[in-house]
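Start at 1 and go down the list; that is how both ligands and their atoms are numbered. Reckoned from all heavy atoms, side chains included, excluding hydrogens, waters and symmetry mates.
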Amino acid sequence: MAETKEKQTYQAVIGLEFHVHLATKTKMFCGCRVAYGDSPNTHTCPVCLGHPGALPVLNEKAIELGAMAGIALNCEVASHAVFARKNYFYPDLPKGYQISQFDEPICVGGHIDVPTSDGTVRVGITRLHLEEDAAKNVHVGESGRMHGSTGSLVDFNRGGTPLMEIVTEPDIPTPEAARATANQLKSILQAIGVSEADMEKGQLRCDANVSIRNPDGSFGVKTELKNMNSFRFVEKGIAAELSRQQEIIEDGGRIEQATMHYDPATDEVYSLRSKEEAHDYRYFPEPDLLPLELSTEWIEEKKARLPELPAEMKSRFVESYDLSEYDAGVLTADRDLASFYEEVAKSADAKQSANWISGDLRALLNEEGIEISDSKVEPKDMAELISLIENETVSRSAAKAVLAKVFETGDSPSVVVEKEGLAQTGSGELDGVIEGVIADNPDEAERVRDGDKKVVGFLVGQVMKATRGNADGGRARELLMEKLGS
Ligand code: ADP
Ligand code: MG
Ligand code: ZN
């Protein structure tokens, strides 16, 4: 209210870059195993250590997975693609160059449709290319930013891991949409099995390019936010960078191109290095590898083998289970939850199943911070609980308590109902309880007889109290009204 000056609206422009480990058994250009968490430098050979004269041999599986990812992202798979040397020096890159793809990548021009709270956003996929990961630098004794390290070690187990880079168009309008884009991409990649995409294992990394649109609508200068290690931090980091940029613009300053780092501990971004000139990597076609020639039949065969994608699964849930877009979206966002749902819906009402799973069960999972696969609740338990409600063995409110107990103990719902005495008060018993409540509350009963419907709620409350919540509220109301001739 105190603010009188009209607030200018700033329009964010965001593009994302993903690096994704492909789910191959072996590395991109040699036969060394791809492994996580093994002793350092136990999966190496002359090729992935970059010894002079060692020759790369292309991993066919990686090509297949890259093409499948591209198809799932609605890209065009190139019939001709070229590997290129990207030259730079870094301790984790002993060859002095990375084998990557440059002007002829394996996939270009796709899109994904991302659900956000403001509706669906279509995010263009500029390109998808294949490359090899670098080794892993480990800074000894590192604490906080970059200070305090007493030395650096290199683990070459990661060096040469098949890597896919996916670059989006600058189509993303908000930090929230950026997080949703990352989530959507991850679930697509997991659905088709091209990557486990586990961020904690470093299998999925995300960088964000962030700018604010100029008043004339043209793009502003962008900065690049590096290495955010969770999607929550992608959202928060972008938001922090946008407010930094906005402040500079409001103060009449200019945004400088820079590489930024987000510090979750302080919720601030700081500059890693300013990026005044573009790097010149001196790309040239990799002379030790032939260009990729992918036939139409080969590409079509990969297309045919693609499993159901999250968006397709969502439409199917809306169609065949008659669910809302929202419920279908929630259930299919997590593949395991989706299969759990389908299992329950085989033997229970589809809508009730959706409500219980996307509502109460998911709340319990979130509270405990566990996945459905680690939960003690089995699909048959969920189906049984729903049938106990349907045949009026338990009231809806008692059913919540039953589910919480099943979640905690792994006992079946009927066992929990028995043990905890949560069975719904039967109609004969309910009749007696209601007579008692009427006798104990003569004034309120009289007012209901006189047509004051508001007081019924109070009497229903008394019935629920007397039955410890084990009565069907609707039934209790009906019986009360009947008895009081209202
Ligand atoms: P660079 O040449 O710096 O690598 P590119 O044009 O190749 O830039 O784009 C790299 C990434 O930055 C892409 O994800 C793209 O969508 C995004 N991007 C490009 N321009 C902008 C901008 N003005 N604001 C935000 N992101 C942008
Ligand atoms: Mg790049
Ligand atoms: Zn090797």
Please calculate the SG(Cys30)-the Zn ion (ligand 3)-SG(Cys48) angle and round it to 10 degrees.
->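 Output for this angle: 110°, rounded to tens.
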Validation row, ring centre Tyr341 to ring centre Phe317 under 6.0 Å =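 Distance test on ring centres: under 6.0 Å, yes.
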Does a donor on one side chain and an acceptor on the other come within less than 3.5 Å for [X] and [Y]?
X: Asn59; Y: Thr26; answer: yes
X: Ser195; Y: Gln190; answer: no
X: Tyr90; Y: Gln98; answer: no

Criterion side chain to side chain contact (heavy atoms under 4.5 Å, CB included) against Phe156, the qualifying member of Cys48, Pro94, Pro40 =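 It is Pro94, the one option of Cys48, Pro94, Pro40 that forms the side chain to side chain contact (heavy atoms under 4.5 Å, CB included) with Phe156.
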Among Thr168, Ile192, Val123, Ile125, find the residue that satisfies the side chain to side chain contact (heavy atoms under 4.5 Å, CB included) test when tested with Leu73.
->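 Between Leu73 and the candidates, side chain to side chain contact (heavy atoms under 4.5 Å, CB included) is satisfied uniquely by Ile125.
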Interatomic spacing from CD1 in Ile389 to CG in Leu403 - rounded to 0.5 Å =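 Reported value, rounded in 0.5 Å steps: 9.0 Å.
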Should Val57 and Cys30 count as side-chain neighbours, where that means a heavy-atom distance under 4.5 Å?
->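 The answer is no; the side chains never approach within 4.5 Å.
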Proximal ligand 1 atoms for [X], defined as those under 4.0 Å from one of its heavy atoms:
X: Gly220; answer: 23 (N)
X: Leu16; answer: 14 (O)
X: Gly15; answer: 14 (O), 16 (O), 26 (N)
X: Glu169; answer: 16 (O)
X: Ser211; answer: 22 (C), 23 (N), 24 (N), 25 (C)
X: Phe219; answer: 23 (N)

So, is Val210 polar-close to ligand 1, with some N/O to N/O distance under 3.5 Å?
->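 The answer is no, given that Val210 and ligand 1 share no N or O pair closer than 3.5 Å.
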Atom 14 (O) of ligand 1: which of Ile14, Val13, Thr168 has the nearest heavy atom?
->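 Looking at heavy atoms only, the winner is Thr168.
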Out of Glu17, Lys222, Arg213, Arg127, who gets a non-hydrogen atom closest to atom 8 (O) of ligand 1?
->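 Heavy atom nearest to atom 8 (O) of ligand 1 belongs to Lys222.
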Using a 4.0 Å heavy-atom cut-off, say whether Val221 meets ligand 1 through its side chain, its backbone, both or neither.
->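 The answer is neither.
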Structural part of Val167 in contact with ligand 1, heavy atom criterion under 4.0 angstrom |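 The part of Val167 near ligand 1 is the side chain, not the backbone.
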Does the ring of Tyr97 carry Arg85 above it, NZ/CZ under 6.0 angstrom from centre and within 45° of its axis?
->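 Pair Arg85/Tyr97 counts as cation-pi.
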Does any N, O or S atom of Cys45, backbone or side chain, fall under 2.8 Å from the Zn ion (ligand 3)?
->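 Of the N, O and S atoms in Cys45, at least one lies under 2.8 Å from the Zn ion (ligand 3), which means yes.
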